Amino acid sequence: MLHGDIGLELGQRVAGALKAALDVEITPEQAIVRPSAPGRGADYQCNAAMSLGKQVGKSPRELAQLIVDHLDAADIVTTPEIAGPGFINFTLTESWLAAEARTLLSDDRLGVPATDDPGRYVIDYSSPNVAKEMHIGHVRTTVIGDCFVRLLEFAGHEVIRRNHLGDWGTPFGMLIEHLLDEGWTAESASSIADLDGFYKAARVKFDSEPEFAERARARVVKLQGGDEQTLTLWRGLVAESEKHFAEIYRLLGVKLTKEDSIGESFYNPFLADTVEELTAKGLTKISDGALCVFPPGFVNREKEPLPIIVRKSDGGATYGTTDLAGVRYWTQERKVTDLLYVVGLPQQQHFQMVFAVGEQAGWLDGDHRARYLGFGSILGSDGKMFRTRAGGTVKFIDVLTEAVDRAAEVVRGRAELDAQEQAEVARAVGIGAVKYADLSTDREKDYVFDWDKMLATEGNTSVYLQYANARILSVLRKAEREPGDEILVEQAAERALVLKLLQFPAALAGSVETYAPHKLCGYLYETATAFSSFYENCPILKADTEERQASRLALARLTSRTLVLGLSLLGIDAPTRL
RNA sequence: GCGCCCAUAGCUCAGCUGGAUAGAGCAUCGGACUUCUAAUCCGACGGUCGCAGGUUCGAAUCCUGCUGGGCGCGCCA
């Protein structure tokens, strides 16, 4: 099957028919073969005849008939029917469905091909600030970024995780000066428990004491100048922060580790060269004392060109400088093919400008692509930015502990789990719920954070998927035999489930190509509901023949494998019991 | 003022890049457990796709305008 995609396979056959009938060449994609809406009596439909008819000078129905007449697809579908203005309806044969499903039984990748064009990706995500506690604002970038890592790795790409820590810049003068004032040393600095409080205290002092602010500014210069005592203290702060981040990442179950920290400070040695190269290429201009790049097409409110400031009037660098140095470093030094930025939507324009400059500088081109993957905000039930009842920032760790606590409540008294298992399940369910809520709606839209909805056992939630899987595994445990290696497609619910399982590769491809985890979520939900229906209608352990039981056990296992793999690509665990 | 995004069932969301009668879940109502995990399943109810034009065989989807909301727009990152 072409890329494991039924639609593409049929599209290829349609393309072949068109070639045979009229010597017209189209790609399988251009054949526009899509799953039909339920209840229309067909599995797939070809929508190409209407638009193509005009080009070849035939009526759509006439063209559709020509395609059908020359179609070589009897191994897959029954005789296609032409309907309406020129739709070609395909119904897959039970024998083909059975044969295809059979091949999945021994396929670790469940029909998903590895990419034939592997790239080297670097993904910028999570990006917390040193000396500040992670908060609700880091949830989406961390969860979504981790999902992309998993999806791209599974697709067969090399993926470099990049945690772009906020570990440099003006706040660190204030932090280090406060460190010294409070009598911390480089060694003890890594044991400050309340980093957030520490940051706030420094901030207050900075805002209220001019003398301190003055020292803080001087300290920034020392830091950026490479003063050893300052650097040592700075490293202590970073180390302490990384402990906190690691704790969140561990609890959350994302792949980020300390080794993935490539913070702003990393680019410090490249900033001067980057600015120099931009200048050498004639892209910079001094404006109001700052060195700027003006990418074409961006204007401010006065319709004047909008700059990226690469060197402030005081000589300092900005995040624009750092981001440009990053584009330069990863494309030129590390030879990555794709740079992905999982950063909130408010920063869209900034990245568009950075990419535009990257192209002007020749760092980005057809072989070195950059893509900004923005995401919407998490809202409270009032439709405004999600905050605590007191109006404060919601801490990341509080979200996770509350999720696990609430999940424990949901799981309590459930099944025959001991305390240890209950705790593990609560974690899988609670964390899964937070991640799934984040991944299951359109990435670019805002979504409303709602504990009851995300932990609901009905509807499109991770708990429902986890439950469906646990149920399957329970049946498999109770079976007194191994699943068979033949698939029977007899009942309607059985047929629907098999078709759904065969659509996994296409669903996954759609999710990866458009960086849309919610498409995978939707597919998994449909698969779980298809299984539930099958479970109600098709007895497994009590099937009336050996063959049926063997086949249904195989289908059950296949469904479980699909759910588990799908969930794992989302970064969500699937407990064996629930 | 300029730019970007959003508006679909009472609520929360899909709608596969222009296809057929716009789909799920929740809520409401009605059914199904001496049967493999009922945390489930089956059915019913529910729509002026924000408004108005346009493009064409065909628009929730593309274009223009408007209304209502969110965000961004020079030395924080």
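Here is how names work: the chains are called A, B, and so on, in the same order as the sequence lines, proteins then strands, and each is numbered from 1. Predicted model only: the values in this text are computed from it and were never measured.
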In whole Å, measure the gap between the [atom1] atoms of [N] and [M] for me.
N	M	atom1	result
B:A60	B:U21	P	10 Å
B:C62	B:C45	C1'	34 Å
B:A22	B:G46	C1'	14 Å
B:C66	B:A27	P	42 Å
B:C13	B:G47	C1'	15 Å
B:G1	B:A14	C1'	36 Å
B:A7	B:U40	P	29 Å
B:U61	B:G23	C1'	15 Å

Rounded to whole angstroms, how far apart are [atom1] on [X] and [atom2] on [N]?
X	N	atom1	atom2	value
A:L465	B:U37	CG	C1'	16 Å
A:E81	B:A20	CD	C1'	14 Å
A:Y447	B:A7	OH	C1'	20 Å
A:Q30	B:G19	CD	P	15 Å
A:M454	B:C26	CE	P	17 Å
A:I540	B:U40	CD1	C1'	13 Å
A:L508	B:C16	CG	P	19 Å
A:D442	B:U12	CG	C1'	14 Å

Name the closest nucleotide to the [X] side chain, picking from [options].
X	options	answer
A:K445	B:A14, B:A38, B:C36	B:A14
A:R477	B:U40, B:A24, B:U37	B:U37
A:K453	B:C41, B:A38, B:U12	B:U12
A:T514	B:U37, B:U17, B:C36	B:U17
A:V448	B:U37, B:U12, B:A14	B:U12

For a quick check of understanding: with a heavy-atom distance under 4.0 Å over all strands, which category does [X] fall into, base, sugar-phosphate or nothing?
X	answer
A:N89	base
A:F298	nothing
A:A470	base
A:A479	nothing
A:C46	nothing
A:H350	nothing

State the [atom1]-[atom2] distance between [X] and [Y], to the nearest 0.5 angstrom.
X	Y	atom1	atom2	result
A:M174	A:R203	CE	CZ	5.0 Å
A:L345	A:R140	CG	CZ	9.5 Å
A:Q348	A:Y372	CD	OH	5.5 Å
A:K519	A:S440	NZ	OG	14.5 Å
A:C521	A:D438	SG	CG	9.5 Å

Next on the checklist: Looking at A:E81, I'd like to know if its CD atom is crowded, meaning that more than 12 non-hydrogen atoms belonging to other residues, nucleotides or ligands lie closer than 6.0 Å.
Outcome noted: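 No.
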Checklist entry - Is the number of heavy atoms from other residues, nucleotides or ligands under 6.0 Å of A:R311 CZ greater than 12? => result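 No, CZ of A:R311 has 12 or fewer neighbouring heavy atoms, counting only those of other groups under 6.0 Å.
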When you measure from the side-chain N and O atoms of [X] to the phosphate of [N], is any distance below 4.0 Å, counting only OP1 and OP2?
X	N	answer
A:R552	B:C36	no
A:Y535	B:C33	no
A:R40	B:G19	no
A:K519	B:G15	no

Next on the checklist: If we ignore hydrogens and angles and just use 3.5 Å, is the side chain of A:D43 paired with the main-chain N or O of A:L92 as donor and acceptor?
Outcome noted: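 Looks like yes, one N/O pair under 3.5 Å.
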[N]: pairing nucleotide in any strand, Watson-Crick or G-U under 3.5 angstrom:
N	value
B:A38	none
B:C26	B:G10
B:U48	none
B:C33	none
B:C4	B:G70

Checklist entry - Along nucleotides 69-77 of chain B, 5' to 3', which nucleotides get a B, which get an S, and which get a -, given that the test is a protein heavy-atom distance under 4.0 Å? => result --SSBBBSB
Classify the ring geometry of [X] against [Y]: parallel below 30°, tilted from 30° to 60°, perpendicular beyond 60°.
X	Y	result
A:Y523	A:F504	tilted
A:F355	A:Y341	tilted
A:F449	A:W451	perpendicular

Return the polar atom pairs (N/O with N/O) between nucleotides 57-59 of chain B and the protein under 3.5 Å, or none.
residue : atom : partner : partner atom : Å
B:C57   : OP1  : A:K54   : NZ           : 2.7

Checklist entry - Is A:E177 paired with A:K205 through a side-chain N to carboxylate O contact shorter than 4.0 Å? => result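 No.
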Checklist outcome for this item: Comparing nearest nucleotides in RNA chain B, the 5'-proximal residue of the pair A:H518, A:Q348 is A:Q348
Checklist entry - Can B:U48 be described as syn, meaning its chi torsion is within 90° of 0, or is it anti? => result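 B:U48: anti glycosidic orientation.
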Next on the checklist: Among A:W234, A:Y319, A:F266, which residue satisfies the ring-ring contact (aromatic ring centres under 6.0 Å, His included) criterion with A:W168?
Outcome noted: A:W234
